[in-house]
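In what follows, a structure is listed as structure tokens, so that the remarks can point back to it.
What you see is a predicted model; the values in this text were computed from it and never measured. We're numbering straight along the sequence, starting at 1.
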Amino acid sequence: MRRCSFCGKKQGEVRLVAGPSDVYICHLCVALCNEILAQEGTADRPPDLPGEPRERGPLIRTEVISS
């Protein structure tokens, strides 16, 4: 049975998003992360320089897994 890799809730209890290598995050943990990021704001993030591409991490396969 699939579980959220962060809170441990089972697939039937929450909606899961698949990440790399059998790592999953549920919609509740995503919402919590969004709240934390919103509280931190943009004060610690350096501005993007004009004309320079933003560095991006590797693309990962994601899929929403419903119960």
Side-chain angles (χ1 to χ4, degrees):
M1 167 150 302
R2 295 176 178 149
R3 297 177 171 267
C4 176
S5 301
F6 297 86
C7 70
K9 290 189 173 141
K10 296 177 186 174
Q11 180 177 355
E13 301 171 325
V14 291
R15 289 188 349 231
L16 295 176
V17 176
S21 303
D22 294 326
V23 174
Y24 301 92
I25 187 167
C26 74
H27 70 283
L28 299 174
C29 288
V30 169
L32 179 60
C33 290
N34 284 330
E35 287 179 31
I36 293 168
L37 291 172
Q39 288 175 1
E40 290 179 0
T42 59
D44 296 332
R45 185 174 42 181
D48 292 333
L49 297 175
E52 289 191 15
R54 293 176 59 191
E55 186 174 331
R56 298 190 190 277
L59 294 176
I60 60 171
R61 174 187 61 89
T62 59
E63 59 186 74
V64 176
I65 300 169
S66 58
S67 52

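- Contact record, Cys26 with Cys4: N-SG, 3.4 Å, taken as the closest heavy-atom pair.
- Between Arg2 atom CZ and Asp22 atom CG the span is 7.5 Å, to the nearest 0.5 Å.
- Across Cys29 and Phe6, no two heavy atoms sit closer than the pair SG-CB, 3.9 Å.
- A donor-acceptor contact shorter than 3.5 Å is absent between the side chain of Ser5 and the backbone of Ile25.
- Alongside Ile36, the hydrophobic cluster contains Leu32 (criterion: ILVMFWY side chains under 4.5 Å).
- Expressed to the nearest 0.5 Å, how far NZ of Lys9 lies from NE2 of His27 amounts to 8.0 Å.
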